[in-house]
Structures are given as C-alpha cells and as structure tokens.
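Predicted, not measured: the structure shown is a model, and the values here were computed from it. Residue indices begin at 1 and follow the sequence shown.
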Amino acid sequence: MAGIKDVAKHAGVSVGTVSNVINHPDMVAEETRKRVRDAIERLGYVRSESARQLRAGRSRIMALLVLDMGNPFFVDVARGAERAARKAGLGVMVCNSAQSPQEEADYLGLFAEQRVRGVLLTPADATGRNIEAFRRHNIPFVLVDRVAEGVTECSVSVDDIQGGALAVRHLVDAGHRSIAYVSGPADLNQVRDRRQGALDALAEAGLPAEALRELPTEHLDVAAGRDAASRILGLSERPTAVFCANDLLALGVLQTMYAAGVRVPEEMAIVGYDDIEFAAAAVVPLTSVRQPAVTMGAMAAELLLEETESDEHEHRRVVLQPELVVRGSSLPGR
C-alpha cells in the first residue's frame with residue numbers, strides 16, 4: 001500500500017507539502033496541488049484515518065457491544081445508534097459478546113486499544129468487574145437496556161418490571177391462573193425485573209406467587225424456547241399460559257406447541273417480549289411487550305455524543321416505558 005512518503009517522492013515534494021494538500025489545500029500553489037493529487041490518484045494512496053485519530057486523540061468511531069446480534073431486538077438498537085452517530089459524522093463498530101463475560105472483556109480491551117470515541121454497552125458480566133476495569137481507560141460509555149448497581153454513568157433502559165406486569169396482567173385478565181415464565185439466564189437484570197413484574201401482577205389479582213412457574217434457560221434464543229416448551233408439555237399439571245422473557249423464546253415455545261397439536265391460544269396462551277418484526281408474522285401472531293429499541297439505541301448514542309462533546313455533561317438515567325401489543329397468541333379463550 002502506498003504511503004505518504006511514496007506520494008511525496010513521486011510528486012517531487014516534501015511530506016509536509018503532501019500533508020498540506022490533503023488537509024490545508026489553500027496553503028499550496030495550484031500547480032503543486034495538481035502534481036500531488038495526480039500522484040495520489042496514480043499510486044492509489046489512501047490516508048490512514050486511524051493514525052490521524054491517534055495523533056488527534058479523538059476517534060470517529062463509536063463502539064456498540066450487545067449480548068446477541070442474532071436477536072432482532074439488538075439489531076434495532078444498533079439501527080438507532082447508527083442513525084444518531086451518522087448525523088454526527090461518526091461510524092459505529094458493532095460487536096457481540098454472546099452473553100460471555102470473557103468475550104465482553106476482550107472486546108472492551110480492543111476498544112481501549114483502538115481509542116474509540118465511546119462505548120454503548122449491554123453488560124454480560126453481572127459482577128461489574130469488566131466495567132470497573134474499563135473505567136481506567138477514561139473512555140466514556142453508556143449502558144443500553146440495562147441499569148447496573150453501582151454504576152453512575154448514563155444509561156437508557158426500559159421499565160422491565162412494568163413490562164412483566166403488563167404481560168401477566170393481560171393473561172390474568174384473560175382468565176389464566178397458572179402461568180409459566182420462560183425466563184432465560186437468571187443473572188440478567190432484565191430477566192429478574194420481568195419476573196418481578198409478573199409477580200406484582202399476580203399479587204394485584206390476589207393470586208399466590210406459586211401461580212407463576214419459572215423455567216430458566218441458558219440462552220435467550222428459539223432453541224431454548226423449544227426446549228422449555230418440551231418441559232412444559234411434560235408437566236403433570238400443565239399451565240394454561242406462557243410468558244417468555246423475549247420473543248425468540250416465545251417463538252420457540254409457539255413452534256413446539258404447534259408441532260405437538262396444542263392449540264394456541266385456546267389450550268395455551270403465549271406472550272413474548274420485545275415485539276421484534278417476526279412476532280407479528282408468526283403462524284399465530286404473537287402478543288408481545290414492545291420495547292422502543294430504535295429509540296433506545298438513538299438516545300444512548302446521543303447521550304454518549306453529548307458526554308464527549310460537552311464539559312457540562314451530567315450523567316443521567318433514562319427509563320422508557322414498554323407497551324403491550326395484543327395479537328392472536330393470547331386472545332381470551334377461557
């Protein structure tokens with residue numbers, strides 16, 4: 001790859017003159033500018049943006065680290081972050097921790113090496129050690145879809161307690177008195193908060209906590225939902241409804257119920273969470289708690305930009321409200 005020295009040699013000028021042609025063309029005579037630009041085009045020279053950023057100490061890249069890029073919810077978060085970043089002339093580097101604290105630590109180390117402008121982070125490490133280690137690099141970050149204990153930095157999240165309550169209140173109002181909660185990994189705050197909301201809705205209705213039967217899963221994907229549904233079908237006292245911690249789990253549950261000949265919602269009502277695009281397109285359209293994912297990503301990026309550009313920035317927590325979207329998978333059948 002041709003470097004700036006190659007251009008200077010080809011054009012018969014100094015390296016400083018080439019730099020001026022690129023960055024301050026008005027300082028260079030027209031004939032010299034033409035000679036340098038001809039050399040750049042002939043050699044195919046492309047300036048090193050990373051080197052320029054290192055010299056300036058200010059990157060034009062924002063990093064986004066999410067739990068699972070296979071989940072359309074995080075794709076929407078990334079879309080919102082990208083829109084806000086592009087308006088500011090920045091790019092977004094999207095990475096996937098796959099719910100692994102070690103992969104999260106590796107990526108945070110990479111972001112520090114690359115001196116990114118800032119990081120949008122959905123933490124995988126429940127202990128907070130990765131965040132604590134990352135703070136030493138003095139790179140701003142904003143938590144997305146999460147509020148972590150002991151973290152004072154900005155965050156943008158959804159009221160998941162309210163979301164869990166919306167889902168289960170809907171099922172209780174439809175007449176269900178025995179509900180399974182397919183929850184995902186127990187160390188995720190979102191999973192715990194949605195469970196708490198579900199329990200709050202049961203208490204409001206005068207029902208015992210035992211009316212909610214939790215089925216944890218290692219992952220938040222369709223395969224885990226299918227496995228949970230198989231376990232539900234094997235129960236001696238089968239619940240009449242299922243609330244899932246996200247839509248991918250719910251779609252897995254729906255697939256298994258449909259394959260087993262269990263009628264949805266007549267024999268088994270199902271409610272998901274996130275309201276991804278595929279929810280409405282399922283064989284039985286899926287009722288879901290909608291999260292404003294695109295808005296979440298955009299607001300997180302805007303907070304990060306504000307922090308990097310203003311000396312008067314104050315950290316704040318933004319909590320968005322969820323919305324229940326009722327479809328065929330939970331319409332009252334009893």
Side-chain angles (χ1 to χ4, degrees), residues 64-78 95-108 119-132 134 141-151 153 155-168 180-200 212-225 227-228 231 242-253 271-276 288-293 296-297 300 317-320 322:
L64 170 63
L65 181 57
V66 300
L67 293 177
D68 180 11
M69 278 307 296
N71 186 338
F73 166 75
F74 287 113
V75 175
D76 286 341
V77 169
C95 300
N96 177 29
S97 72
Q99 300 180 35
S100 165
Q102 183 55 58
E103 290 195 34
E104 176 182 85
D106 291 344
Y107 274 122
L108 290 175
V119 177
L120 306 177
L121 172 65
T122 303
D125 177 23
T127 69
R129 284 192 290 264
N130 286 342
I131 289 177
E132 191 61 35
F134 186 68
F141 66 89
V142 174
L143 299 185
V144 183
D145 191 35
R146 184 74 59 87
V147 176
E149 295 299 326
V151 175
E153 283 80 3
S155 64
V156 181
S157 61
V158 167
D159 187 343
D160 283 315
I161 294 178
Q162 172 66 3
L166 286 172
V168 171
Y181 174 43
V182 180
S183 61
D187 60 348
L188 293 180
N189 286 351
Q190 297 97 320
V191 165
R192 294 196 297 267
D193 286 351
R194 292 165 196 178
R195 178 180 183 273
Q196 184 58 55
L199 292 173
D200 289 349
L212 188 74
R213 178 160 184 169
E214 185 170 3
L215 287 83
T217 62
E218 291 187 9
H219 302 286
L220 291 161
D221 55 21
V222 173
D227 176 73
R231 284 185 277 160
V242 184
F243 167 43
C244 298
N246 77 0
D247 284 343
L248 296 182
L249 290 171
L251 291 172
V253 170
V271 175
Y273 205 104
D274 290 339
D275 195 33
I276 62 176
S288 184
V289 177
R290 176 179 293 166
Q291 296 200 84
M296 189 183 303
R317 293 183 174 184
V318 177
V319 180
L320 304 174

On a heavy-atom basis, which atom in [X] and which in [Y] lie closest, and how many Å separate them?
X: Ala180; Y: Leu215; result: CB-CD1, 4.0 Å
X: Ala245; Y: Val191; result: CB-CG2, 4.4 Å
X: Leu212; Y: Ala198; result: CD2-CB, 3.8 Å
X: Leu249; Y: Ser183; result: CD1-C, 4.5 Å
X: Ala250; Y: Gly272; result: CB-CA, 3.8 Å
X: Leu108; Y: Phe134; result: O-CE1, 3.5 Å

Using the salt bridge (charged side-chain N to carboxylate O under 4.0 Å, His left out) rule, collect all pairs that involve residues 212-224, keeping only residues at least two apart or in two chains.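 Listed once each, the pairs are Arg195-Glu214.
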Return a table of donor-acceptor pairs under 3.5 angstrom between the side chains of residues 64-76 and protein atoms on other chains or two or more places apart.
| residue | atom | partner | partner atom | Å |
| --- | --- | --- | --- | --- |
| Asp68 | OD1 | Gly70 | N | 2.8 |
| Asn71 | OD1 | Phe73 | N | 2.9 |
| Asp76 | OD1 | Arg79 | NH1 | 2.5 |

Walk me through it: do Leu248 and Leu220 pass the test side-chain contact (heavy atoms from CB on, under 4.5 Å)? CA-CA 7 Å; Leu248 296 182; Leu220 291 161; over 6 Å; no
How are the rings of Phe243 and Tyr273 set relative to one another: parallel (under 30°), tilted (30 to 60°) or perpendicular (over 60°)?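 Taking Tyr273 first and then Phe243, their aromatic rings sit tilted (interplane angle of 30° to 60°).
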Qualifying residues under side-chain contact (heavy atoms from CB on, under 4.5 Å), relative to [X], sequence neighbours excluded:
X: Gln102; answer: Ser100, Ala105, Asp106
X: Ala98; answer: Asn96, Glu103
X: Asp227; answer: Arg231

Report the distance from atom CD of Glu104 to atom SG of Cys95, rounding to the nearest 0.5 Å.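 Interatomic distance, Glu104 CD to Cys95 SG, rounded to 0.5 Å: 11.5 Å.
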Heavy atoms, side chains only, cut-off 4.5 Å: are Arg146 and Ser155 in contact?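 No, too far: nothing below the 4.5 Å cut-off.
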Which residue is it: Asp160, Asp159, Asp200? I am looking for the one with a salt bridge (charged side-chain N to carboxylate O under 4.0 Å, His left out) to Arg194.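 That would be Asp160.
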Between Arg192 and Asp187, is there a donor-acceptor pair closer than 3.5 Å when you use the side chain of the first and the backbone of the second?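 A pair under 3.5 Å: yes.
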Taking the side chain from Thr217 and the backbone from Gly184, do they hold a donor-acceptor pair closer than 3.5 Å?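 Such a contact is found between Thr217 side chain and Gly184 backbone.
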Could you pull out every donor-acceptor pair under 3.5 Å between side chains of residues 119-126 and any protein atom, sequence neighbours left out?
| residue | atom | partner | partner atom | Å |
| --- | --- | --- | --- | --- |
| Thr122 | OG1 | Val144 | O | 2.9 |
| Asp125 | OD1 | Thr127 | N | 3.1 |
| Asp125 | OD1 | Thr127 | OG1 | 2.7 |
| Asp125 | OD2 | Thr127 | OG1 | 2.9 |
| Asp125 | OD2 | Arg129 | N | 3.2 |
| Asp125 | OD2 | Asn130 | N | 3.1 |

Of Asp275, Asn246, Asp247, which meets side chain to side chain donor-acceptor pair (under 3.5 Å) against Ser288?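 For Ser288, the side chain to side chain donor-acceptor pair (under 3.5 Å) check succeeds only for Asp247.
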Verdict with supporting geometry, Val289 and Val158, side-chain contact (heavy atoms from CB on, under 4.5 Å): CA-CA 11 Å; Val289 177; Val158 167; over 6 Å; no
